[in-house]
Amino acid sequence: MSGVPIGIVRFPGTNCDQDVFDAVAAIDGARPVWLWHKETALGGVRGIVLAGGFAYGDYLRAGAIARFSPIMDRVIAFARSGGPVLGICNGFQILTEAGLLPGALMRNAGLSFVCREQWLRVDSTDTPFTRHFRPRQLVRFPVAHGEGNYVADDETLDRLEGEGRVVFRYVDEAGEATPLANPNGSARNIAGIADERGNVVGLMPHPDRAMSLLVGSQDGREVFRGLLEAAA
Amino acid sequence: MTVALRDTPVTPDVVAAHGIRADEYDRIVELLGREPNFTELGVFSLMWSEHCGYKYSRALLSEFPSTGPQVVQGPGENAGAVDVGHGFAVVFKMESHNHPSAVEPYQGAATGVGGILRDVFTMGARPIAMLDSLRFGALDDPHVRYLFRHVVRGVGDYGNCVGVPTVGGEIVFDDAYAGNPLVNAMCLGLIRHEDLMRASAAGPGNAVYVLGASTGRDGIHGASKLASTELSADTVESRPTVQIGDPFTEKLLLEATLELIESGAAVGVQDMGAAGLTSSSSEMAARAGTGIEIDVALVPRREPGMTPYEVLLSESQERMLVVARPDQEPALMAIAEKWDLPCTRIGIVTDDDLWRVLEDGEEVCRIPVAALVDEVPRYVREVQEPSYLAEVHGSMPDPDEIARIDPLAALEGLLSAPTIASKRWVWEQYDHHVQTNTILGPGPAGAALLSIKGTPGALGVSTDGNGRYVYCDPRRGGALAVAEAARNLATVGARPLGVTDCLNFGNPEKDAVYFQFAEAVRGIAEACRAFDAPVVSGNVSFYNESPKGAIYPTPTIGMVGLLEDVEARPRGGGSPGDSLILIGRDGAHLGAGSLLAEVLGIVAGRAPAVDLDAERRHAEIVRELVRGGVAVSAQDVSDGGLAVTAAETCFGLPAACGIEIELPEAEGGPHGAMFGEDGARYLLVVPAERRDLARQRLDSGAVPWREAGRVTSDGRIRFRDVGERPREELERRWRNAISDRMETMEDER
């Protein structure tokens, strides 16, 4: 199989690995490759996705144990060297635990797991994963999480906004970031953020579940297309 | 249960405490040729319990059709399977976890999900969907809210973590379940035919392993004590008999099991579910016609000092029994290590037809396999129709009393009744998207629709069962549960392939309960034959009684069907000017229905009559209209009749739309036509430009139908000559009935 190799990390308890694998495989020119958590080398992958799920059962705290698995040292080095890394849901939680992204994901404000269709606004197109969207474009990705409440101190939030690093925000159908449109109480309706250079992005919603009109949305395709181009 | 010492003498009191009748004990002595020891007695009490041995139900269950060209695996394995074409089969089963959920709702529900998942992946199938059929008391009772909240959380936390979407199910709230909630979980898995694994301990000399979690004292006597007796005031003291679930270990076990089956590293695999090591090992040997020898000292323990009795009877979760040839052992061990799961050799397959248990090489049990599995007593009882039925049938309210009900106020009441209201509060707590197969999830349709990756087709799945109907009319009620499931499948264009069931009843040793069970089984069997939907798996749950009495007899039907081409799925939508077409005759039957139960608070009359020929023909034509795109959506007419169905249809239309319904002239008012629950009926949304097509097709089909109304643009729900309400007002009641109660009212444990 040819194509640009994109690594998908599998921790014990990762459960969206196959969905991400299928999403990457659906992009012409991309080749999904499994990265097992016990491995200590990346095998030449050019981009990395941390998929959703409950790595190590989310015991202790979501993402807290996964961060110390052997593969993560390599992922961190890859990210620091400018390689494209996308963390979805539990993958976002792991990226914050690993210090690649600021802030933390706390228990949903409503205290319950929430799974629904969700409108998002693309607030930054300055990342590889969002460059194919128009500024402030509305997209629909499902959310499904119990700990998606993004928190950071005001200084960090101001800096993220000031530097254009808030990538996705929870909005209503009209594109407004209202409290009602916020599924988990996230600060300033933040759904996804980028690191300083933009090559590391984490988001709670699932672009991997928005790859076909059969399941209601194919807006996620652009995210994976951008990943491929950055990796090529 | 007192501490189980192996040298406890077997006295008549001890025998009785194990739930074994005197005549059953005599039979055990005859089969063994001697008195059983204490450990052996415990083993018999499990294997001969209703939960494991089906002693009251098996004779009747043989009435179910269980064969057909589509059947890949019928009853007798961990789950059944039907062919879905293109080399794939769907493996599915439903199971109850009622009493554990009554005692400890979070863990009871969670481990119910875990158990049914294992039943499916132990056959080599990757679980692709869960559905849950739940019954609770009235939601205004604070203890019921506690049970409901924690059952929902238990279901969600377990399924969400393992990564299997919960795509549907149903929930009923009725005082009949106040002391004994029902938690029935159904799982479906997908497999290529050639990968199907059977749970058999074949090949004398092969080794027996336990894979997964270690064994503790949890769940001892879950099957016999908790599942096979009535709930009582001191059942809450039974918390130790409820198992504790760990979905993270389950996920690892799932992946490891599928990997070892796919790579050919095992001869047979069986979930260690109810009755744990005892039932899994003896059933595997029985299927293969072999014997088995296990040394309990080799079983990894969670706690020190466990006796053989405890190890054998433990229902610790997330464990598998695996049989492998010597040449398979290295691959088996490598897979276990990859997934960080303990895998320990604990015994061997033998050729002596004996189930032998050792402890450090010393024999503890020696029982012929057949005595445990094949010699379970079977009870067939002759019972009379219970007298309550005539009373219920004769107590219909006076027609004047019904005529005095304000129809629109009644509609408001029905839409805000938790049984009928939106279940969004529940299903938003379940991941219903993971695995990206969910075309229609828990919200919009009567059935879920799931794509089957690797094929052009989709699966329709529905669970149904109306306990009030069965209580009023056991035979009709059984048939109606099947008919409603088939109707729900028709609304998404799917044709029935097979059925699994969960038969929840009271104590079968009571005449009335046994009568209800026997009659309901007959009704189910008749309807399954009519729909060509064989029963390939299932579960019986008796003793659903509490000090408040028996539950409504509640068979739950899980039906799986196929839509061969996913492009033919209903697209939904609708716009002003579209026709609302009623398939079937106008309603008239109010007996045993929602109007009486929810508005007048009475249970009276007979359940609707069953016409299986009409059910089949009407389902066929609905399927055809949906598949051909003539109808953009379809709803079956069930709880609350045409009025509720019309309102729910309206809630599925774009925001500004309303509907207008015309009702036939009827003596005594519109109540029969609005709220009647007669069977074989559907309401279809047909775009204006396809109205003539629909008319042509319906007229040639010899099916009763009429154009019952149309979609409007005024945002109102109107029953012409009766009255109207703003859609927004009715929709708000329907949407918030459950969430308002759960978010503003306190629970009580």
So with a 6.0 Å cut-off around [atom1] of [X], is the heavy-atom count from everything else above 12?
X	atom1	result
A:R74	CZ	no
A:M106	CE	no
B:E746	CD	no
A:L213	CG	yes

Hey, which of [options] has the most heavy atom pairs under 4.5 Å with chain A?
options	result
B:G163, B:G441, B:G443	B:G163
B:K338, B:K453, B:E567	B:K338
B:N160, B:N437, B:L254, B:D157	B:N160

Just verifying a value: how many Å separate [X] [atom1] and [Y] [atom2], rounded to the nearest 0.5 Å?
X	Y	atom1	atom2	answer
B:R149	A:S112	CZ	OG	8.0 Å
B:H432	A:E117	NE2	CD	6.5 Å
B:Q429	A:N108	CD	CG	10.5 Å
B:D431	A:C89	CG	SG	8.5 Å
A:R116	B:H433	CZ	NE2	11.0 Å

Under 4.5 Å from any heavy atom of chain A - which part of [X]:
X	result
B:I439	both
B:V152	neither
B:T438	backbone
B:E250	neither
B:R569	side chain

At a heavy-atom separation under 4.5 Å, does A:S212 approach chain B through its side chain, its backbone, both, or neither? neither
Does any heavy atom of chain B fall under 4.5 Å from the side chain of A:D22, the backbone, both, or neither of them? side chain
I'd like to know if the side chain of B:K251 and the backbone of A:G57 have a donor-acceptor N/O pair within less than 3.5 Å. no
Okay, side chain of A:N15, backbone of B:V164: is any donor-acceptor separation there less than 3.5 Å? no
Might you work through the side chain to side chain contact (heavy atoms under 4.5 Å, CB included) test for B:D340 and A:K38, ending with a clear yes or no? CA-CA 11 Å; B:D340 297 320; A:K38 293 178 184 173; 3.0 Å; yes
If we define contacts as heavy-atom pairs under 4.5 Å, which of A:G146, A:A23, A:G13, A:G52 has the most with chain B? A:G13
Can you name the closest pair of heavy atoms from A:F54 and B:F248 and give their distance? O-CD1, 4.2 Å
Of all heavy-atom pairs between B:T436 and A:V215, which one has the smallest distance, and what is that distance? O-CG1, 3.7 Å
After noting the C-alpha distance and the side-chain angles of B:D246 and A:Y59, does the key distance pass the side chain to side chain contact (heavy atoms under 4.5 Å, CB included) rule? CA-CA 11 Å; B:D246 175 7; A:Y59 293 140; 2.5 Å; yes
